[in-house]
Amino acid sequence: MTDTISAGSKTNFIYTKIREDLEKGILKDRPVHTRFPPEPNGYLHIGHAKAILLNYGIALDFKGKFNLRFDDTNPIKEEQEFVDSIIEDIRWLGADWEDRLFFSSDYFEVKYQFACRLVEAGRAYVCDLNQEEIREYRGTLTEPGIESPYRNRSAAENLDLFERMRKGEFASGSRVLRAKIDMASGNLNMRDPVIYRILHSSHHRTGDKWCIYPMYDFDHPFSDCLEGITHSLCSIEYTDHRPLYDWIVDNAVELMPEAVKYRSRQTEFARLNMTYTVMSKRKLRRLVEEKHVAGWDDPRMPTIAGLRRRGMTPQAIADFQKRVGVSRADSTVDLALLEHCIRQELETTAPRLMAVLDPIKVVITNWPAGKTELCEMENIPGNKSAGTRQVPFSGEIYIERDDFMEEPPKKYFRLAPGREVRLKGAYVIKCEEAIKDADGNINELRCTYDEQTRSGADTSGKKIKGVIHWVSVEHSVKITANLYDTLFTVENPEEDSEVEFTGHINPQSLIVCNDVPAEPAVAEAAPESRFQFLRKAYFYLDPEASSEGKPVFNRIVQLRDSWAKMKK
RNA sequence: UGGGGCGUAGCCAAGCGGUAAGGCACGGGUCUUUGGAAUCCGCAUGCGUAGGUUCGAAUCCUACCGCCCCAGCCA
């Protein structure tokens, strides 16, 4: 794994641009300063993680600063609950804003003052048109807009009206403050955009202090200026807003220079999409509300909370982000890349354990009755310091049902009638008989073991190709394993115009295995720890779902399986 | 049909006039008491298309094609 959050792909266009800015000296004495500006109206997902890690990584790489600033300018949609979950998620990811946790709402007063200066300068006006009228006056994509009849009110009248808007003299939606720019612009964002609206609504932080709230296009660039943000990164759909961003910054520099720490500039990059999932807040909400998943933190969700619950690590997500890179092109990254990142980390960090997800019993007929032997096994192969453990072996064990085949195809080298296989860390056994019930189902295998083949002390000279895992029946501990798979059956659930995305939900996205026999060491597993269940998959001990003596493991990702591929 | 953005391998992505990095995926070999891991090899005479400039073009010019975004008092 490429190490930390920083030291990412240093060849992306944003890094190039920052280096150029530094060389040109346009930052003056200021450090490179980025920010992540979430709106507290929902949960963060892995697309946000890309933005967080990019912004924070830049601060680390350029020895700059990183702010966390909540964009809380719309009291109707925002809640403290989301502020809390977002903070938790960003902390978990490892981004550090030090003492710079800010809220857009912290700056409402100075923003109001700035708006007043815009009004005084004749660059903003109070408009009495209602919402529908404003839309009509705006024109269309191909036709210019027409000017509002209120566009040329005097500065004095505008100032008076704006002050009274603040005082609460007018009803919600009855008037707005608009920037006076260009109703004929080909860029709709420049057709006298609304910058303040009346909302008689209680705000999660400012309560009822305000009844007018700034719009994003006015608020964001100004907040960036106040905080001295040098590089304001956002997603590509804001490209059209950049002229307006610059308009606000230019006016701030001219009309309120004392408040501007830096002439901030916006740079856009493509947001993250991933195969086999959806990323829009709206669609994720539907998955939750329509109960396709158990909640925002369901391990099948691409939310940070879901990934955490699945057992994903922040390091793997950071590694993923770096490997994905940053560009301006629309893209959909293969889920396989994320899986590769987490597998690579867990390969060297996750202790191994044996558990049999789909068990069939094996009776070893020549094993001395009642005898138990301890087999020493490495916790992490190739890592001596991770130590070993003793795994009890006896005459009755479980193996995976698919590690036996009555009529094996070519190249199948596990157990079959008359064939031998090694039990990992123990002995070689030979299948003598498959016991069938009345319906012809095989529910038990009779085998013999070769006592010369003891692991580490094999004197038999046998070359056994197949190695399988096992659990002693008598010593087994029962656990629950949640086998998670992709939430959707198709790479892009959104591309089909005939079928809604929910129509592609994978009915097998969660298979719950109860009473899974596992080796006794599983009882000592600590909540939130990760293991490899040998030959199967990596698992995470879910602290939410587990209870005393009832451990629940979530499958993080399967091991690569070249046998499964061969079968296709 | 207005404005903006983007097209380099199956998926990401470097490249900025000197002859196509890297990763994932995929295919094959070696090794292996995890069909895991490790390791080696292969994988774009080609950069949306067509012209042009140049000794030389993915990089510059022209035209065309395709995809994405914008008409919230959301962010």
Side-chain angles (χ1 to χ4, degrees), chain A residues 2 9 11-13 16 37-39 41 71-74 76-78 127 129-131 134-136 138-145 172-178 184-191 193-199 213 215-217 219-220 234-243 268 270 272 275 281 320 322-341 343-344 347-348 352 354 377 381-382 411-414 422-426 428 453 455-456 458 464-469 491 532-536 558-566:
Chain A
T2 31
S9 161
T11 48
N12 72 56
F13 77 101
T16 303
E39 182 185 17
N41 72 340
D71 252 349
D72 56 347
T73 58
N74 185 350
I76 294 166
K77 294 166 64 179
E78 295 147 8
C127 182
L129 255 25
N130 65 35
Q131 202 160 336
I134 286 182
R135 192 190 320 124
E136 284 161 19
R138 187 156 35 226
T140 68
L141 293 178
T142 53
E143 301 156 30
S172 294
S174 60
R175 279 179 232 259
V176 293
L177 185 70
R178 292 227 252 171
S185 173
N187 182 345
L188 296 268
N189 297 119
M190 301 299 272
R191 319 242 262 228
V194 171
I195 56 177
Y196 263 92
R197 76 284 217 193
I198 301 171
L199 250 29
Y213 293 92
M215 297 285 288
Y216 171 87
D217 282 319
D219 183 274
H220 202 93
C234 63
S235 49
I236 218 88
E237 64 265 32
Y238 288 98
T239 304
D240 284 348
H241 295 244
R242 193 166 65 226
E268 314 84 19
L272 175 72
T275 55
K281 256 181 205 173
F320 172 70
K322 274 178 288 182
R323 288 168 184 263
V324 165
V326 186
S327 78
R328 295 180 63 92
D330 290 347
S331 67
T332 303
V333 176
D334 196 336
L335 208 217
L337 183 59
L338 213 211
E339 295 186 334
H340 169 82
C341 293
R343 276 195 202 105
Q344 190 175 264
E347 160 67 20
T348 54
R352 282 43 344 174
M354 293 197 290
M377 295 183 72
K411 294 203 173 175
Y412 181 85
F413 39 79
R414 279 114 91 166
R422 170 168 296 281
L423 298 175
K424 175 80 179 172
V428 170
T453 58
S455 186
D458 191 329
I464 303 294
K465 183 101 171 141
V467 179
I468 64 173
H469 58 103
E491 284 197 5
Q532 183 195 116
F533 286 2
L534 212 68
R535 296 209 310 132
K536 296 310 272 185
Q558 288 182 267
L559 257 45
R560 290 188 56 169
D561 186 351
S562 50
W563 169 248
K565 249 181 247 166
M566 233 156 83

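Every chain is numbered from 1 and lettered A, B, ... according to where its sequence line falls, protein lines coming before strand lines. Everything quoted here is computed from the prediction, not taken from an experiment.
Legend: residues meeting side chain to side chain donor-acceptor pair (under 3.5 Å) with A/D71, ordered by chain and number and at least two apart, are A/S104, A/H220. With sequence neighbours left out, the salt bridge (Lys or Arg N to Asp or Glu O under 4.0 Å) criterion links A/R535 to A/D403. In this structure A/R138 satisfies the side chain to side chain donor-acceptor pair (under 3.5 Å) test with no other residue, sequence neighbours excluded. By the ring-ring contact (aromatic ring centres under 6.0 Å, His included) test, A/Y196 pairs with A/F162, A/F218, sequence neighbours left out. For the salt bridge (Lys or Arg N to Asp or Glu O under 4.0 Å) test, residues two or more places apart in sequence or in another chain that qualify with A/E347 are A/R352. Evaluation of the salt bridge (Lys or Arg N to Asp or Glu O under 4.0 Å) rule for A/E78 yields no partner, not counting sequence neighbours. Applying the ring-ring contact (aromatic ring centres under 6.0 Å, His included) test to A/H241 and every residue at least two apart in sequence or in another chain returns A/Y238. A/R175 is linked by a salt bridge (Lys or Arg N to Asp or Glu O under 4.0 Å) to A/D128, counting only residues two or more places apart in sequence or in another chain.
Among the atoms of the strands shown, base atoms are found under 4.0 Å from some heavy atom of A/G425. Here A/L337 lies in heavy-atom contact (under 4.0 Å) with sugar-phosphate atoms only. The residue A/Y412 sits close to a base: some heavy atom pair falls under 4.0 Å. Residue-level contact check: A/T332 touches the backbone only, with heavy atoms under 4.0 Å from sugar-phosphate atoms and none from bases. Note on A/G456: a base of the nucleic acid sits closer than 4.0 angstrom, heavy atoms only. Across all strands shown, A/Y213 has no heavy atoms under 4.0 Å from either base or sugar-phosphate atoms.
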With the criterion being N/O to N/O and under 3.5 Å, what pairs connect the protein with nucleotides 37-39 of chain B, and how long is each?
unit_1	atom_1	unit_2	atom_2	d
B/A37	O2'	A/E347	OE2	3.0

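Of the residues near RNA chain B, A/T453 and A/R242, the one whose nearest nucleotide (by heavy atom distance) lies more toward the 5' end is A/R242.
The side chain of A/D334 approaches B/G10 more closely than any other nucleotide in the set B/G15, B/G10, B/C12. Distances were taken from every side-chain heavy atom of A/K565 (C-beta onward) to each of B/G35, B/C12, B/C26; the shortest belongs to B/C26. Closest approach to the A/K424 side chain among B/U34, B/C12, B/A13 is made by B/U34 (side chain taken as heavy atoms from C-beta onward). Taking every side-chain heavy atom of A/T142 into account, B/U1 is the closest of B/A14, B/U33, B/U1. For A/R328, whose side chain is taken as the heavy atoms from C-beta onward, the closest listed nucleotide among B/U33, B/G5, B/U34 is B/G5.
Taking side-chain N and O atoms only, A/T239 has no distance below 4.0 Å to OP1 or OP2 of B/G5. Side-chain nitrogen and oxygen atoms of A/H340 include at least one within less than 4.0 Å of the OP1 or OP2 phosphate oxygen of B/C24. Using a 4.0 Å cut-off, no side-chain N or O of A/K465 falls inside it from OP1 or OP2 of B/U33. At B/C12, none of the side-chain N or O atoms of A/R323 fall inside 4.0 Å of OP1 or OP2 (strictly under the cut-off).
Whole-Å rounding puts the A/F320 CZ to B/A13 C1' distance at 13 Å.
Taking a pair as Watson-Crick or G-U wobble with both distances under 3.5 Å, RNA chain B forms stems of 3 or more consecutive pairs at B:2-7 with B:65-70, B:10-12 with B:22-24, B:26-30 with B:38-42, B:48-52 with B:60-64.
Identified under the salt bridge (charged side-chain N to carboxylate O under 4.0 Å, His left out) test for residues 326-335 of chain A, with sequence neighbours left out: A/E268-A/R328.
The two residues A/T73 and A/Y213 have their closest heavy-atom pair at O-CB, 3.4 Å.
Side-chain N or O atoms of A/T275 include one that pairs as donor or acceptor with a backbone N or O of A/L335 at under 3.5 Å.
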Protein heavy-atom contacts under 4.0 Å, written 5' to 3' over nucleotides 65-74 of chain B as B (base), S (sugar-phosphate only) or - (none), form the string ---SBBBSBB
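Residue A/R422 places a side-chain atom within donor-acceptor reach of the base of B/U33, judged by atom type and a 3.5 Å distance cut-off alone.
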